[in-house]
Amino acid sequence: MEIRVRCSCGEENCREWAIVELQGVVEVQPSFQGRLPNLEIGQLCRPSSQEIYTFTVGYHELTGSKVSLKKPLLVLKKIKHENLDQGSDNSSPRVELEVVGIIRHRILFKTRPKALIQC
């Protein structure tokens, strides 16, 4: 099967994405189980012009840094087109991939979280 990759934005105009890498597990409360898409779990900030980031989740704050990937990754969107051949009973879908963004960096949080409130 042939899969075509299409980029209509051009390399210079493609949106930059980043991967957020956490050490550990992010657990979702049972009341949010059915509403995971677009669920806000915290706030990601870059407080200064340096490549240091903070990620606040509830009463915990993580500190991380921006790391370049060895090879960039593409963010793709799969598009299926029905291919109806006239005079033929075979109607196989044609698949096309559209480039949505490019990932060149990851934000790595590898230290333990700091508690924002104290008892």
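Residues take their numbers from the sequence shown, with the count starting at 1.
- In this structure, Leu108 and Tyr53 have side chains that are not in contact, with every pair of non-hydrogen atoms separated by 4.5 Å or more.
- Listed by chain and number, the residues in a side-chain hydrogen bond (donor to acceptor under 3.5 Å, both in side chains) with Arg106 are Glu21 (sequence neighbours excluded).
- Across all their heavy atoms, Gln23 and Lys110 have their closest contact at CG-CA, 3.8 Å.
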For the pair Ile52 and Arg46, evaluate side chain to side chain contact (heavy atoms under 4.5 Å, CB included) and give the outcome as yes or no after the intermediate values. CA-CA 6 Å; Ile52 304 296; Arg46 189 175 78 184; over 6 Å; no
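- The side-chain heavy atoms of Leu116 and Glu61, taken from C-beta on, include a pair separated by under 4.5 Å.
- Looking at every heavy atom in both residues, Phe109 comes nearest to Val20 through CE1-CG1, 3.8 Å.
- Annotation: side chain of Leu76 is in contact with side chain of Val99 (closest heavy-atom distance under 4.5 Å).
- Taking the salt bridge (charged side-chain N to carboxylate O under 4.0 Å, His left out) definition, one finds that Lys77 meets it with nothing, sequence neighbours left out.
- Between Ile103 and Val75, some side-chain heavy-atom pair lies under the 4.5 Å cut-off.
- Among Leu22, Ile19, Leu44, the one residue that satisfies the side-chain contact (heavy atoms from CB on, under 4.5 Å) test with Ile107 is Leu44.
- A distance of 10.5 Å separates CZ in Arg104 from CG in Leu69, rounded to the nearest 0.5 Å.
- The side-chain heavy atoms of Ser65 and Val67, taken from C-beta on, include a pair separated by under 4.5 Å.
- Inter-residue side-chain proximity for Trp17 and Val100 is flagged as met; some heavy-atom pair is nearer than 4.5 Å.
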